[in-house]
Visitor: 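My structure is below; once you've seen it, I'll send some questions.
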Amino acid sequence: MVMKSILGLIDKKTKNLSIIDRRSKTGTYAGIVGLILNIILVAIKLTVGLISGSVAIMADAINSLSDAGSSVLTLVGFHVSGKRPDSGHPYGHQRFEDISGLIIAVVMLIVGVQFVFESIGKIISPTDIDLSLISLIFLVVSFVIKLWQAIFYYKLGNKLKSKTLIATGVDARNDLITTGSIIFSSLLFYFLNINIDSYLALVVAVFIVYSSFKLITESINLLMGSRPEKQLLEKVDQQLMSYQTILGYHDLMIHEYGPNRIYAVIDIELDSTLSLDKAHEIVDRIERDFGKKFNINLVAHMDPIDIRSRKATHIMQTIREVINSYETNLKIHDFHVETLKNNDHLIRFDIVVPNDSPLTDDEWLVEINHALRKRLGDVTVQINFDHTDLGVDRSLI
């Protein structure tokens with residue numbers, strides 16, 4: 001009920017803002033909520049840990065203190081990412097979200113490593129713990145608060161597709177596991193006088209280190225430029241296939257500078273007999289559609305295809321048969337035929353070579369030239385080899 005009210009209030013406060021401003025404000029509100037809750041959790045766990053002498057609870061208190069710092073980073077991250085593009089950053093500042101998510105993950109890793117060494121020290125030199133029923137009740141309260149916080153971050157993180165909020169949600173989930181494990185070990189000690197506090201702290205610490213490495217890897221991949229999500233590629237493919245005026249498309253490249261800063265480049269195949277004005281009208285409409293429907297800044301290159309020439313059609317079909325005969329998942333596009341002065345033909349096309357190709361580019365050049373000359377006679381073949389493939393290729397050839 002409380003979460004629904006807070007989420008509703010955030011929606012109300014941000015509904016009239018632009019996409020980027022709405023995202024920035026929503027993230028800021030999430031950071032404020034997280035900061036308040038984490039300060040409460042630090043106070044609870046630190047008090048219980050100092051009274052009981054439990055290393056696991058003290059470790060959990062320090063972890064909550066780092067969570068409070070992460071909430072501050074979340075506030076800073078969304079503030080910076082919401083800034084408008086400027087002369088130094090023409091693509092905007094949204095990637096700062098990924099940077100803040102990376103920093104949060106690194107903080108988690110440092111805390112996890114500290115827990116590992118502290119837990120090992122307590123295993124070597126164990127100490128007794130003194131846990132009262134009141135302390136247990138406070139731990140249960142902190143568990144409920146952290147559960148609420150984890151759900152809150154996951155909901156907003158998935159809604160905004162924010163790596164920062166998702167990373168914070170993962171951190172909250174780790175805290176849940178930590179606190180739940182501590183409650184379990186405390187119950188064992190309280191009722192059965194079995195002390196597994198230090199061993200449990202070590203297990204939890206190792207789990208935190210593992211989760212941190214995973215988040216760090218994901219954040220670094222985003223900053224380096226990772227492969228676009230499958231859902232985005234499918235949306236692009238479905239939209240392009242809906243146009244009856246194009247013959248095909250290829251060479252799709254997508255660059256993301258944040259969830260709302262997506263730039264794409266693509267080659268669109270058109271009938272070569274179309275006028276330049278008509279071809280530009282088609283491409284211009286496609287670019288506008290992508291901007292309105294998907295908030296993608298698309299730049300389309302016109303690739304003319306001669307579909308009315310019998311000679312070109314015969315050559316195209318022959319090339320397709322030759323390439324398909326190798327059964328190595330080669331893909332062809334940018335096909336052009338030019339008649340030379342001696343009536344020979346210059347054939348030019350691009351080939352996308354898969355990573356597991358059995359031949360090098362030079363070997364493919366010799367092999368394909370030899371095969372085409374056997375089928376087409378004394379032709380000149382120019383091949384450009386491409387090794388970048390997003391798996392979305394609807395080229396006519």
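Model, not experiment: these values are computed from the prediction.
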Visitor: Got more than 12 heavy atoms from elsewhere within 6.0 Å of CZ, R373?
Guide: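 Yes, CZ of R373 has more than 12 neighbouring heavy atoms, counting only those of other groups under 6.0 Å.
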Visitor: What closest approach, in Å, do I246 and L240 show between heavy atoms, and which atom pair accounts for it?
Guide: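 Heavy atoms only, the tightest pair is CD1-O, 3.5 Å.
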Visitor: To the nearest 0.5 Å, how far apart are CD1 in I268 and CD in E287?
Guide: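 Answer rounded to 0.5 Å: 7.5 Å.
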Visitor: Working note: F335 + E269, criterion side chain to side chain contact (heavy atoms under 4.5 Å, CB included); need CA distance, chi angles, decisive distance, verdict.
Guide: CA-CA 10 Å; F335 171 79; E269 297 171 349; over 6 Å; no
Visitor: May I ask you to decide if V322's main-chain N or O and S325's side chain share a donor-acceptor pair within less than 3.5 Å?
Guide: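 Yes; judged by distance alone, with no hydrogens or angles, the pair exists.
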Visitor: Sequence neighbours excluded, which residues qualify as side chain to side chain donor-acceptor pair (under 3.5 Å) partners of T28?
Guide: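 Checked T28 against side chain to side chain donor-acceptor pair (under 3.5 Å); zero matches.
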Visitor: Side-chain contact test, heavy atoms from C-beta onward, threshold under 4.5 Å: evaluate it for K331 versus H250 and give yes or no.
Guide: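 When only atoms from C-beta onward are counted, H250 and K331 do not touch, as no gap falls below 4.5 Å.
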Visitor: Membership question, hydrophobic clusters at under 4.5 Å side-chain separation (ILVMFWY): are I32 and L41 in the same one?
Guide: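 Looking at the clustering, I32 is in the same group as L41.
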Visitor: Looking at residues at least two apart in the chain, or sitting in another chain, which of them share a side chain to side chain contact (heavy atoms under 4.5 Å, CB included) with T245?
Guide: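 Scan of T245 (side chain to side chain contact (heavy atoms under 4.5 Å, CB included), adjacent residues dropped) gives Y243, I282.
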Visitor: Under the rule for side chain to side chain contact (heavy atoms under 4.5 Å, CB included), what residues qualify as partners of T217, not counting sequence neighbours?
Guide: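 T217 satisfies side chain to side chain contact (heavy atoms under 4.5 Å, CB included) with N221 once adjacent residues are dropped.
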Visitor: May I ask you to check whether over 12 heavy atoms, not counting those of K235, lie within 6.0 Å of atom NZ?
Guide: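 Yes, because the 6.0 Å sphere around NZ of K235 holds more than 12 heavy atoms from other groups.
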Visitor: Grab the two heavy atoms, one from G112 and one from V209, that are nearest each other, plus how far apart they are.
Guide: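 Shortest heavy-atom contact: C-CG2, 3.6 Å.
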Visitor: Is there a continuous path of hydrophobic side-chain contacts, each under 4.5 Å between heavy atoms, that joins L330 to L372?
Guide: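 Yes.
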Visitor: Mind checking what makes side chain to side chain donor-acceptor pair (under 3.5 Å) contact with K159, not counting sequence neighbours?
Guide: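 Side chain to side chain donor-acceptor pair (under 3.5 Å) check on K159 returns D11.
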Visitor: For the pair H333 and D251, evaluate side chain to side chain donor-acceptor pair (under 3.5 Å) and give the outcome as yes or no after the intermediate values.
Guide: CA-CA 8 Å; H333 53 72; D251 275 356; 3.0 Å; yes
Visitor: Going only through I, L, V, M, F, W and Y residues with side-chain contacts under 4.5 Å, is there a path from I124 to V203?
Guide: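 No, I124 and V203 fall in different hydrophobic clusters.
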Visitor: Would you compute the distance between atom CD of Q114 and atom CG of L109 and round it to the nearest 0.5 angstrom?
Guide: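 Nearest 0.5 Å value for the CD-CG distance: 10.0 Å.
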Visitor: Residues in ring pair (Phe, Tyr, Trp, His ring centres under 6.0 Å) with Y210, at least two apart?
Guide: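 None.
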Visitor: Tell me every residue that passes side chain to side chain contact (heavy atoms under 4.5 Å, CB included) with A150, counting only those two or more places apart in sequence or in another chain.
Guide: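 In terms of side chain to side chain contact (heavy atoms under 4.5 Å, CB included), with neighbours along the sequence ignored, A150 is linked to A172, L176.
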Visitor: Applying ring pair (Phe, Tyr, Trp, His ring centres under 6.0 Å) as the test, list every pair that has at least one member in residues 294-313; sequence neighbours left out.
Guide: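 For residues 294-313: F290-F294.
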Visitor: Checking side-chain contact (heavy atoms from CB on, under 4.5 Å) between Q382 and each of L365, L346, D350, which is the one that passes?
Guide: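 Considering L365, L346, D350, a side-chain contact (heavy atoms from CB on, under 4.5 Å) with Q382 is found only for L346.
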Visitor: Test of understanding: with side chain to side chain donor-acceptor pair (under 3.5 Å), list the residues that count as partners of R348, not counting sequence neighbours.
Guide: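 R348 satisfies side chain to side chain donor-acceptor pair (under 3.5 Å) with no other residue.
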Visitor: Can you name the one residue among I6, V33, I151, T26 that meets side-chain contact (heavy atoms from CB on, under 4.5 Å) with L156?
Guide: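 It is T26, the one option of I6, V33, I151, T26 that forms the side-chain contact (heavy atoms from CB on, under 4.5 Å) with L156.
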Visitor: Stepwise, does the side chain to side chain donor-acceptor pair (under 3.5 Å) test hold for S275 with D277?
Guide: CA-CA 5 Å; S275 69; D277 284 342; 5.5 Å; no
Visitor: Is a donor on one side and an acceptor on the other found under 3.5 Å between the side chain of S219 and the backbone of I216?
Guide: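 It does not hold such a pair.
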Visitor: Using 0.5 Å steps for rounding, measure from the CG atom of L252 to the CG atom of L298.
Guide: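 Rounded to the nearest 0.5 Å, the CG-CG separation comes to 8.0 Å.
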Visitor: F152: which residues meet the ring pair (Phe, Tyr, Trp, His ring centres under 6.0 Å) condition with it, sequence neighbours left out?
Guide: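 Ring pair (Phe, Tyr, Trp, His ring centres under 6.0 Å) list for F152, sorted by chain: W148.
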Visitor: In terms of the angle between their ring planes, are Y326 and W364 parallel, tilted or perpendicular, with boundaries placed at 30° and 60°?
Guide: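 Taking W364 first and then Y326, their aromatic rings stand perpendicular (interplane angle over 60°).
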Visitor: Tell me, please, which residues at least two apart from N355 pass side chain to side chain donor-acceptor pair (under 3.5 Å).
Guide: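 N355: no side chain to side chain donor-acceptor pair (under 3.5 Å) contacts found.
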Visitor: With the 4.5 Å side-chain cut-off for hydrophobic clustering, are L202 and I110 part of the same group?
Guide: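 Yes, same cluster.
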Visitor: Pick from I332, I351, D361: which one makes a side-chain contact (heavy atoms from CB on, under 4.5 Å) with I383?
Guide: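 Result: among I332, I351, D361, I351 is the only option passing the side-chain contact (heavy atoms from CB on, under 4.5 Å) with I383.
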Visitor: Please list, chain by chain and in numerical order, all residues satisfying side chain to side chain contact (heavy atoms under 4.5 Å, CB included) with F184, sequence neighbours excluded.
Guide: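 With neighbours one apart ignored, the set is L188, I196.
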Visitor: Please tell me whether V141 and I40 are part of a single hydrophobic cluster in this structure, the criterion being side-chain heavy atoms less than 4.5 Å apart.
Guide: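 Linked, V141 and I40 end up in one cluster.
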Visitor: With H280, which residues qualify under ring pair (Phe, Tyr, Trp, His ring centres under 6.0 Å), at least two apart?
Guide: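 Checked H280 against ring pair (Phe, Tyr, Trp, His ring centres under 6.0 Å); zero matches.
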